[in-house]
Amino acid sequence: MNKKTHQDSALGFLNNPQHRAIIYQIMALLLVFFLAYYFTNNMFDNVEKRGINTGFSFLDNVAGFGISQTLIAYSDSTSTYYDVFIVGILNTLLVAVIGIILASVLGLLIGIGRLSKNYLISRLSLVYIELFRNIPILLQILFWYNVVLAALPSPRQSFNYWDAIFLNNRGLLLPEPLFEAGSSAILIAFILAIISVFFLSKWAKKRHILTGEEFPLIKVSLAILVISPVLVYFMSGQPIGAEYPVLKGFNFKGGLAIIPELLALVFALSIYTATYIAEAVRAGIESVPSGQKEAAKSLGLKEHVILSKVVLPQALRVIIPPVINQYLNLVKNSSLATAIGYPEIVTLFSGTTLNQVGQAIEIILMTMAVYLTFSLVISMVLNWVNSKMEIKGR
Amino acid sequence: MAVYTIKKAEKAPLASKGVLLWLRVNLFSDVTNSLFTLLGCYFIYLIVPPLINWMIIDATWSGTKEEIINDGARWIFIFEKFDQFIYGFYPEALHWRPNLAALISIFFILSMNFISNLKIKIGLILVYPIISFVLISGGFGLEIIPTEKWGGLMLTILVAAVGIIVSFPIGIVLALGRQSKMPIVRTLCIAFIEFIRGVPLITILFMASVILPLFFHDGIEFDKLLRALIGITLFQAAYIAEVVRGGLQAIPRGQYEAADSLGLSYWQGMILIILPQALKISIPNLVGSFISLFKDTTLVLIIGLFDVLAMVSLTNSDTNWLGFEVEGYVFVTMIYWVFCFSMSQYSKSIERKYNTEH
């Protein structure tokens with residue numbers, strides 16, 4: 001009786017946690033809607049007052065500025081802002097891919113060095129890690145660009161390596177491969193080699209499960225992957241040549257020129273990220289209990305079998321997730337290229353394009369959307385890897 | 001007939017004790033190991049002597065610019081521009097004000113360890129930022145210094161401190177929201193956190209400096225520094241939220257249930273039972289996140305604030321002192337390194353202190 005009256009009163013209604021949860025949520029939603037309404041309202045007012053256009057039609061306009069490094073065809077006079085956007089994304093991806101490869105190699109080496117039985121090597125690795133990860137990445141980028149690369153000699157006095165590679169303050173010059181008729185055969189041979197290795201590995205695994213016999217898969221696959229393109233290269237009459245950079249007047253002509261901004265960025269990003277990867281590698285290998293190694297040893301397994309069949313499979317489970325996170329960080333840190341003017345998405349789009357067009361909201365949202373897509377893709381990869389590596393069975 | 005004679009005890013061979021043993025075990029245990037050691041020595045030989053030469057022996061420590069004869073570091077540049085590196089364009093006669101603020105900050109942090117009364121503590125936490133802000137910016141009879149004149153290490157520390165202090169409560173609320181049972185609140189928090197974590201800080205700073213002013217009426221003006229602070233705080237809050245969430249998830253369910261069964265309200269339970277434990281576990285990660293923030297404050301130079309890193313190029317634009325970038329960068333590197341390294345050592349010591357179970 002008493003309970004019923006209590007329920008009926010307004011206070012009783014509010015005392016029910018479920019009701020209160022609904023009220024809180026409605027309040028939160030109203031607040032968000034109000035803020036969104038207030039902000040967009042002001043935004044449209046301000047944009048109108050300042051005479052800024054809205055919408056994405058500016059993407060079809062001709063950009064009209066030069067870009068120092070383009071991976072697709074780009075011309076100052078005809079390419080549109082949409083082309084600029086694509087050029088920026090591709091340049092970001094270029095830095096990301098090179099940086100990730102270098103950082104992984106360096107990080108792996110340093111991480112293994114950290115665990116080395118050699119006191120000197122492990123100390124040196126520790127010094128490397130503690131030195132570079134406590135210096136802001138932007139400072140490192142600026143240091144490489146403004147101090148190290150700026151101190152390189154002019155093109156006439158460039159460092160010359162075997163008359164093929166030149167390093168000067170305008171960048172790094174490499175011989176550019178020239179693909180003549182028939183080089184596609186080499187590509188086809190390579191693809192065929194990859195496919196055959198794929199089926200070979202399947203067959204080897206099946207045979208291993210059925211009979212327990214080991215197949216030297218890595219050696220055989222490497223041999224297939226290397227030998228078949230090389231064989232086709234010589235059979236089709238060596239269709240790949242190289243164009244060497246040549247000094248003409250004050251600058252180099254020909255060859256593959258790598259701009260100093262890219263060099264500085266790749267150096268700084270891979271050195272910085274390698275410290276984190278090294279720590280992840282060390283933590284992963286240390287996470288394997290020493291009993292595992294001792295058990296493998298007492299079974300009479302050889303050193304390299306212990307590493308590849310006992311330690312690494314368990315260590316990789318710990319290593320890979322943080323390393324993939326570091327890859328994402330590297331991609332995000334590549335946005336700092338804007339401080340030295342490397343033409344990636346932030347420099348080109350949130351910098352130059354924004355200054356010319358003035359449509360801040362669209363441009364910055366597009367830039368953010370690019371990075372959000374990268375993050376989403378990388379975290380999807382991470383989830384896939386995690387589910388793949390989950391300890392199965394029990 | 002064989003006669004047994006007692007052999008005299010011999011000293012252990014030199015190579016199986018002391019320094020030699022250590023060398024043999026750690027540096028020359030086998031051929032590859034020895035090769036690595038030699039390689040390492042060569043590497044040190046390549047790097048360290050020239051560095052010491054440049055930094056100390058060949059360096060110019062005093063005198064004027066015209067007297068430089070050595071080709072080592074010219075530290076006189078740093079001495080000459082020291083004030084600018086630390087205070088930016090803050091008027092020289094008023095340097096005592098940021099100095100006093102720094103002193104108060106140190107006392108504030110120390111007093112937090114000793115004062116146990118919660119009310120006094122909260123009072124101090126509320127009063128301290130106001131005092132420091134008034135000291136640096138002016139008002140109440142002190143000359144007002146516009147934020148354009150703030151710069152150097154002072155600005156770096158200020159941005160980092162504001163970022164840490166303000167983002168902390170926001171981050172905790174976001175973390176609680178993400179763990180909440182209310183679907184709408186949870187979705188909003190997840191969306192905010194994942195959005196911020198998915199984009200680079202520089203785009204958020206651009207957004208804060210370009211788009212934020214568009215969100216408000218024309219009358220409301222935002223200082224450039226304030227815009228950067230808003231951007232950095234929102235960014236840091238999302239990362240703190242993730243760190244705190246990690247701590248919250250590590251608390252056993254029984255603790256939540258115990259709080260409920262004691263009849264504590266949601267906030268009472270959180271503040272008195274869950275958060276103290278969760279935050280304690282997350283301290284190492286929180287410090288790690290603070291270190292990242294301290295390093296990330298360098299990004300404000302891209303939107304036109306003059307932090308200590310920006311001072312390198314700025315001091316080098318003085319026509320009397322051109323071409324001293326190397327010294328500038330090395331000096332600023334040392335500042336950042338000392339700050340970040342000591343913070344990370346502190347975090348490690350805390351980890352050891354709390355890790356008493358095993």
Side-chain angles (χ1 to χ4, degrees), chain A residues 17 21-22 24-26 28-29 32 38-40 42-43 45-47 49-50 113 116-121 123-124 130-131 133-140 142-143 146-147 150-151 328 331-336 338-339 346 350 354 360-361 363-365 367-368 371-376 379, chain B residues 22 25-27 29 32-34 36-37 39-41 43-44 177 180-185 188 194-195 197-204 206-207 210-211 213-218 266 291 294-299 301-302 309 312-313 325-326 329-330 332-333 336-341 343-344:
Chain A
I22 292 171
Y24 287 142
Q25 296 193 68
I26 290 172
L29 213 55
V32 169
Y38 177 77
F39 286 152
T40 43
N42 281 328
M43 199 176 74
D45 268 8
N46 284 321
V47 165
K49 251 182 248 166
R50 290 172 205 194
S116 164
K117 271 177 279 177
N118 188 314
Y119 180 79
L120 194 65
I121 297 291
R123 282 284 119 171
L124 280 178
E130 290 295 354
L131 180 66
R133 90 179 178 155
N134 285 319
I135 302 174
I137 175 69
L138 182 60
L139 177 47
Q140 296 192 35
L142 290 175
F143 186 83
N146 289 336
V147 176
L328 177 58
V331 174
K332 287 196 280 177
N333 281 334
S334 75
S335 62
L336 298 179
T338 186
V346 175
S350 295
L354 178 58
I361 299 155
I363 288 174
I364 290 178
L365 285 184
T367 314
M368 286 179 155
Y371 283 103
L372 279 178
T373 315
F374 287 151
S375 306
L376 208 65
S379 65
Chain B
W22 186 89
V25 171
N26 288 302
L27 296 177
S29 61
T32 40
N33 213 343
S34 313
F36 274 129
T37 306
L39 202 71
C41 288
F43 190 70
I44 293 174
S180 157
K181 289 189 191 85
M182 299 185 257
I184 295 174
V185 172
L188 288 174
E194 292 305 326
F195 170 71
R197 277 160 44 89
V199 297
L201 174 57
I202 187 69
T203 58
I204 291 174
F206 273 136
M207 190 165 134
V210 185
I211 300 186
L214 294 176
F215 280 166
F216 291 89
H217 279 302
D218 257 356
Y266 175 78
I291 296 173
F294 191 77
K295 288 190 287 183
D296 282 343
T297 57
T298 48
L299 268 64
L301 79 88
I302 296 177
L309 180 55
V312 176
S313 48
E325 270 108 349
V326 188
Y329 280 120
V330 171
V332 172
T333 301
Y336 276 107
W337 193 84
V338 167
F339 269 94
C340 297
F341 184 72
M343 271 195 273
S344 74

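Just so we're on the same page: letters track the sequence lines, and every chain starts at 1. Owing to the predicted nature of the structure, the values given are computational and were not obtained by experimental measurement.
Of the two parts of B:Pro183, the backbone and the side chain both hold a non-hydrogen atom closer than 4.5 Å to a non-hydrogen atom of chain A. With a 4.5 angstrom heavy-atom cutoff, A:Ile364 touches chain B only via side-chain atoms. For B:Val332, the parts sitting under 4.5 Å from any heavy atom of chain A are the backbone and the side chain alike. If you measure heavy-atom distances from A:Leu142 to chain B, the contacts under 4.5 Å come from both the backbone and the side chain. For B:Phe195, the parts lying near chain A are the backbone and the side chain together; criterion is any non-hydrogen pair under 4.5 Å. Proximity to chain B involves both the backbone and the side chain of A:Leu131, based on heavy atoms less than 4.5 angstrom apart. Residue A:Val32 touches chain B through its side chain alone, counting heavy-atom pairs closer than 4.5 Å. Looking at A:Ser335, the atoms closer than 4.5 Å to chain B (heavy atoms on both sides) sit in the backbone and in the side chain alike. If you measure heavy-atom distances from A:Phe374 to chain B, you find no contacts under 4.5 Å at all. Residue contact with chain B, scored on non-hydrogen atoms closer than 4.5 Å, involves the side chain of A:Leu124 exclusively. With a threshold of 4.5 angstrom between heavy atoms, B:Ile204 approaches chain A through its backbone and through its side chain. With a 4.5 Å cut-off on non-hydrogen atoms, A:Asn118 touches chain B through its backbone and its side chain both.
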List the steps, then state whether side-chain contact (heavy atoms from CB on, under 4.5 Å) holds for B:Phe206 with A:Val346.
-> CA-CA 10 Å; B:Phe206 273 136; A:Val346 175; 3.5 Å; yes
Begin from the C-alpha positions of A:Leu120 and B:Ile44 and carry the test side-chain contact (heavy atoms from CB on, under 4.5 Å) through to its verdict.
-> CA-CA 10 Å; A:Leu120 194 65; B:Ile44 293 174; 3.9 Å; yes
Pair B:Trp337-A:Asn134, side-chain contact (heavy atoms from CB on, under 4.5 Å): steps then yes or no = CA-CA 5 Å; B:Trp337 193 84; A:Asn134 285 319; 3.5 Å; yes
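Here A:Leu376 contributes atom CG and B:Glu194 contributes atom CD; the two are 9.5 Å apart, rounded to the nearest 0.5 Å. Taken from CD1 in B:Ile211 to CZ in A:Phe39, the straight-line distance is 12.0 Å, to the nearest 0.5 Å. Distance check: B:Phe215 CZ to A:Ile361 CD1 gives 6.5 Å after rounding to the nearest 0.5 Å. Atom OG1 of B:Thr203 and atom CG of A:Leu365 lie 10.0 Å apart (nearest 0.5 Å). Note that the CD1 atom of A:Ile135 and the OG1 atom of B:Thr298 stand 12.0 Å from one another [nearest 0.5 Å].
In this structure, A:Leu138 and B:Leu301 have side chains that are in contact, with non-hydrogen atoms separated by less than 4.5 Å. Counting heavy atoms from C-beta on, the side chains of B:Val185 and A:Tyr24 never come closer than 4.5 Å.
Across every non-hydrogen atom of A:Met368 and B:Val199, the tightest pair is O-CG1, 3.7 Å. The shortest heavy-atom contact between A:Arg133 and B:Lys295 is O-NZ, 2.6 Å. The shortest non-hydrogen separation linking A:Lys332 to B:Arg197 is NZ-O, 2.6 Å. Scanning both residues, A:Ala339 and B:Ile302, for their nearest heavy atoms gives CB-CD1, 4.1 Å. Contact between B:Phe216 and A:Asn46 at its shortest, heavy atoms only, is O-ND2, 2.9 Å.
Counting heavy-atom pairs closer than 4.5 Å to chain A, the top-ranked of the candidates B:Thr32, B:Thr333, B:Asp296, B:Leu188 is B:Thr333. With chain B as the partner, the residue from A:Leu372, A:Leu336, A:Ile22 showing the most heavy-atom pairs under 4.5 Å is A:Leu372. Of all the listed residues (A:Leu328, A:Asp45, A:Leu139, A:Val147), the one sharing the greatest number of non-hydrogen pairs under 4.5 Å with chain B is A:Leu139. Contact tally against chain A (heavy-atom pairs below 4.5 Å) for B:Leu39, B:Leu201, B:Val210: the top residue is B:Val210. Counting heavy-atom pairs closer than 4.5 Å to chain A, the top residue among B:Cys340, B:Pro200, B:Gly198 is B:Pro200.
Proximity of a side-chain donor or acceptor of A:Lys117 to a complementary backbone N or O of B:Asn33 within less than 3.5 Å is not detected.
Ring planes of B:Trp22 and A:Tyr119: perpendicular class, angle over 60° (limits at 30 and 60°).
Under a cut-off of 6.0 angstrom, the local environment of CZ in B:Phe36 is sparse, with at most 12 non-hydrogen atoms contributed by other residues, nucleotides or ligands. Counted within 6.0 Å of NZ on A:Lys49, heavy atoms from surrounding residues, nucleotides or ligands total more than 12; the atom is thus considered enclosed. By the neighbour-count criterion of 12 heavy atoms within 6.0 Å, atom OH of A:Tyr38 is densely surrounded, having more than that number from other residues, nucleotides or ligands.
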